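Treat the numbers as computed from the prediction; the structure is a model and nothing was measured. Atoms within each ligand, like the ligands themselves, are counted from 1 in listed order.
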Amino acid sequence: MIIILKIFKWIGLFLLLFVVVLAAVVFVKKDRTFDAPYPQIHAVQDSLVIQRGKALVYGAAHCAYCHAPVEMVDAIEQGEIVPLSGGHIFDIPPAKIITPNITSDKETGIGSWPDSVLARSLRHMVGYDGRALLEFMPFQNLSDSDLTAIISYLRTVDPVKNEVPRSEWKLLGNILKAFVITPVGPSEEIQVVVKPDSSIEYGKYLAQSVANCRGCHTDRDMKTGKYVGPFYAGGFKMPCETNPELILVSPNITTDPTTGRLANWTEQEFIQRFRKGKIIKESMMPWGQFLNLSDLELKAIYRYLQSIPPVTNNTGPVLISAK
Ligand code: HEC
Ligand code: HEC
């Protein structure tokens with residue numbers, strides 16, 4: 001009997017020691033930093049470039065959906081030119097992430113960051129302070145000219161002073177930061193220019209690297225952001241921002257005849273759907289920003305989605321109960 005008790009005591013002590021060591025390692029490693037090259041991107045003052053940047057920021061790249069104050073929800077849903085002063089909250093299992101102010105304010109925004117730092121954040125997902133950015137933004141493969149356009153436009157916007165609170169990391173998040181989350185850089189060779197036209201190529205570029213259609217319409221692991229389902233076959237479950245009791249499930253947007261949302265849509269119907277904006281009020285698809293997509297961009301996206309292999313995947317209703 002006494003021997004058994006002694007063994008339990010030792011096991012207990014051992015477990016306690018293990019937990020203490022683990023906690024210490026997590027504490028030290030959660031703030032680990034990463035290196036990535038600084039892209040040679042320099043803001044310019046050419047008005048056509050700035051115009052292109054603005055069209056991306058408030059359109060396909062939908063920066064405004066995530067970086068504008070949530071109180072401006074009506075204007076955001078109309079795709080208006082709202083200030084990018086931050087504060088949008090994403091409450092996900094690892095953390096409560098709060099988006100930063102990306103106006104040109106020197107103290108609370110990005111006004112004092114060099115172009116190369118901004119470019120590295122967007123291309124290599126290594127933040128200004130060296131931390132790995134979570135995979136919210138899909139811009140790693142943006143062409144040099146589009147990255148230049150976006151940064152050139154950001155340099156022209158008025159500064160807005162808005163001190164955004166820091167993101168709050170939960171225990172799970174700190175463990176993931178210490179051991180799992182690493183920055184995801186470009187997956188292909190960066191092009192100098194991707195020409196805007198109605199080609200499948202341009203549609204692919206928009207759907208994957210700018211508008212994030214793939215990021216939301218592919219099943220992903222909510223903890224790590226990794227893709228776990230076939231591209232564009234839907235099924236990604238997102239906690240609904242406006243109603244915590246609900247979960248949003250992204251539909252399958254392949255042309256699969258039985259389960260694909262786009263099975264019978266003509267190009268015209270596709271464009272018309274985007275012109276209507278948000279219909280399901282709980283939806284987190286950035287319909288407002290996509291009101292600013294041009295016919296050319298929508299055509300390209302449509303043609304690309306028509307060109308990819310259909311996948312049979314019934315994603316069920318768009319809204320389900322969180323319980
Ligand atoms: C889907 C939401 C979303 C979109 C769209 C988005 N962002 Fe972000 N952005 C975030 C989040 C979330 C963070 C914070 C990430 C983190 O701390 O891990 C962030 C961080 C940043 C940062 C700070 C990076 C750093 O070094 O700390 C910059 C700069 C930025 N975004 C610029 C942009 C620009 C420019 C666009 C449009 C071209 C854009 N974002 C579009 C969600 C978004
Ligand atoms: C932030 C996540 C997100 C992004 C980014 C996103 N979607 Fe969606 N999408 C959703 C969700 C959630 C729904 C279901 C709710 C709804 O219909 O609004 C949806 C619905 C749709 C529908 C069905 C609409 C209907 O009325 O039947 C289509 C088509 C679609 N998305 C295409 C796209 C395309 C193309 C892109 C890129 C240009 C895109 N989505 C980007 C989340 C997203």
Side-chain angles (χ1 to χ4, degrees), residues 53-54 56-68 84 86 88-90 92 94-103 109-110 113 117-122 124-139 142 146-147 149-151 153-154 157 164 166-167 169 173 177 181 183 203 206-218 220 225 232 234-238 240-241 247-254 260-262 265 269-270 272-274 276-287 289-290 293 297-298 300-302 304-305 315 317-319:
K54 185 175 184 184
L56 287 169
V57 165
Y58 287 99
H62 60 282
C63 319
Y65 181 87
C66 297
H67 286 280
L84 304 170
H88 190 119
I89 298 173
F90 290 98
I92 52 171
K96 208 163 120 184
I97 298 287
I98 309 176
T99 60
N101 175 351
I102 58 167
T103 70
I110 56 164
W113 300 14
V117 169
L118 263 173
R120 186 179 77 159
S121 289
L122 296 178
H124 295 283
M125 298 295 267
V126 173
Y128 69 94
D129 51 2
R131 78 193 188 287
L133 300 180
L134 287 180
E135 272 182 86
F136 279 91
M137 300 183 282
F139 310 124
L142 273 188
D146 283 343
L147 194 51
I150 287 173
I151 294 177
Y153 171 68
L154 289 180
V157 306
V164 173
R166 290 167 64 99
S167 298
W169 287 82
K177 267 202 297 180
I181 298 168
L206 290 176
Q208 271 173 214
S209 308
V210 192
N212 211 20
C213 319
R214 182 176 71 172
C216 277
H217 286 279
T218 303
R220 292 167 85 169
Y232 301 102
F236 180 32
K237 298 191 179 63
M238 311 163 226
C240 176
E241 287 181 346
I247 284 179
L248 266 166
V249 188
S250 62
N252 176 347
I253 55 166
T254 72
R261 189 64 66 96
L262 297 186
W265 292 25
E269 284 167 337
F270 182 78
Q272 275 160 8
R273 172 65 194 88
F274 276 82
K276 289 205 187 91
K278 182 147 85 164
I279 295 175
I280 297 176
K281 106 172 169 306
E282 294 85 357
S283 181
M284 279 148 64
M285 175 157 158
W287 288 109
Q289 283 58 54
F290 292 164
L293 292 174
E297 288 172 315
L298 287 168
I301 295 171
Y302 178 81
Y304 168 61
L305 291 173
T315 58
V318 162
L319 284 168

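Side-chain atoms of S167 come within 3.5 Å of backbone N or O of I98 as a donor-acceptor pair. Judged by distance alone, the side chain of R261 and the main-chain N or O of T254 form no donor-acceptor pair under 3.5 Å. In terms of modelled atom types and a separation under 3.5 Å, the side chain of R220 and the main chain of F236 share no donor-acceptor contact. Without hydrogens or angle criteria, T99 side chain to C66 main chain gives a donor-acceptor distance under 3.5 Å. Within the 3.5 Å criterion, the main-chain N or O of Y65 finds a donor-acceptor partner in the side chain of H88. In this structure, Y128 contributes its side chain and I110 its backbone to no donor-acceptor pair below 3.5 Å. Between the side chain of K237 and the backbone N or O of I247 there is no donor-acceptor pair closer than 3.5 Å.
Those atoms of ligand 1 that come under 4.0 Å of a heavy atom in F139, given as number and element, are 36 (C), 37 (C), 38 (C), 39 (C), 41 (C). Atom numbering of ligand 1 starts at 1 in the shown order; those under 4.0 Å from a heavy atom of Y128 are 25 (C), 26 (O), 27 (O). Close contacts between ligand 1 and I97 involve ligand atoms 12 (C) [criterion: under 4.0 Å to a heavy atom]. Proximity to G127 (heavy-atom distance under 4.0 Å) selects the following atoms of ligand 1: 25 (C), 26 (O). Every atom of ligand 2 is numbered from 1 in the order shown, and the set under 4.0 Å from a heavy atom of M284 is 1 (C). Within ligand 1, the atoms closer than 4.0 Å to a non-hydrogen atom of I150 are 35 (C), 38 (C), numbered from 1 in the order shown.
Nearest non-hydrogen protein atom to atom 12 (C) of ligand 2 is M238 CE, 3.7 Å. Of the protein's non-hydrogen atoms, the one nearest atom 15 (C) of ligand 1 is L133 CD2, 4.2 Å. Regarding atom 17 (O) of ligand 2, its nearest protein heavy-atom neighbour is I280 CD1, 3.8 Å. Protein heavy atom at the shortest distance from atom 23 (C) of ligand 2 is R261 NH1, 3.7 Å. Ranking protein heavy atoms by distance to atom 26 (O) of ligand 2, first place goes to R273 NE, 2.6 Å. Closest to atom 5 (C) of ligand 1 among all protein heavy atoms lies H62 CD2, 3.3 Å. The closest protein non-hydrogen atom to atom 18 (O) of ligand 2 is S283 OG, 2.6 Å. Considering only non-hydrogen protein atoms, atom 29 (C) of ligand 1 sits nearest to L118 CD2, 3.5 Å.
A heavy-atom distance below 4.5 Å is not found between the side chains of L122 and L142. Taking 4.5 Å as the limit, every side-chain heavy atom of M285 sits out of range of all side-chain heavy atoms of C216. For the pair F139/L147, no side-chain contact is recorded, criterion being any heavy-atom separation below 4.5 Å from C-beta on. Put simply, the side chain of Y58 reaches to within 4.5 Å of the side chain of Y153, judged on heavy atoms. The side-chain heavy atoms of V126 and L133, taken from C-beta on, include no pair separated by under 4.5 Å. With contacts defined as side-chain heavy-atom distances shorter than 4.5 Å, the pair V164/P100 does not qualify. Contact check for L154 versus W113: no side-chain heavy atoms found under the 4.5 Å cut-off.
Within the protein, the N, O or S atoms sitting under 2.8 Å from atom 8 (Fe) of ligand 2 are H217 NE2, M285 SD.
Contact between V57 and ligand 1 is absent, with no heavy atom of the residue lying under 4.0 Å from the ligand. The shortest heavy-atom distance from W265 to ligand 2 is under 4.0 Å. Residue contacts with ligand 2: F274 is included, with a non-hydrogen atom under 4.0 Å away. Not a single heavy atom of R120 sits under 4.0 Å from any atom of ligand 1. Remark: distances from the non-hydrogen atoms of W287 to ligand 2 include one below 4.0 Å. Under the 4.0 angstrom criterion for non-hydrogen atoms, A207 is not in contact with ligand 2.
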Stepwise side chain to side chain contact (heavy atoms under 4.5 Å, CB included) test for R273 and I279: CA-CA 10 Å; R273 172 65 194 88; I279 295 175; 3.4 Å; yes

Verdict with reasoning, I97 to L134, per side chain to side chain contact (heavy atoms under 4.5 Å, CB included): CA-CA 9 Å; I97 298 287; L134 287 180; 3.5 Å; yes

Derivation and outcome, side chain to side chain contact (heavy atoms under 4.5 Å, CB included), residues L206 and L293: CA-CA 11 Å; L206 290 176; L293 292 174; 5.8 Å; no

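Relative ring orientation between F274 and F290 is described as tilted, the plane-to-plane angle lying within the 30° to 60° band.
If you take CD1 on I181 and CD on E135, they are separated by 9.5 Å, rounding to the nearest 0.5 Å. Taken from CG in L305 to CG in L262, the straight-line distance is 6.0 Å, to the nearest 0.5 Å.
Looking at ligand 1, you'll find an N or O of S121 within less than 3.5 Å of one of its N or O atoms. Checked by distance only, ligand 1 and L134 come closer than 3.5 Å through their nitrogen or oxygen atoms.
Taking the six-membered ring where the residue is Trp, the centroids of Y232 and Y304 are separated by under 6.0 Å.
No part of Y65 comes within 4.0 Å of ligand 1, judged by heavy-atom distances. With a 4.0 Å cut-off on non-hydrogen atoms, A60 does not touch ligand 2 at all. Contact annotation for H88 and ligand 1: no heavy atom of the residue comes within less than 4.0 Å of the ligand. The proximity of L154 to ligand 1, defined as any non-hydrogen pair under 4.0 Å, is limited to the side chain.
Nearby protein atoms of type N, O or S around atom 8 (Fe) of ligand 1 amount to 2 (distance under 2.8 Å).
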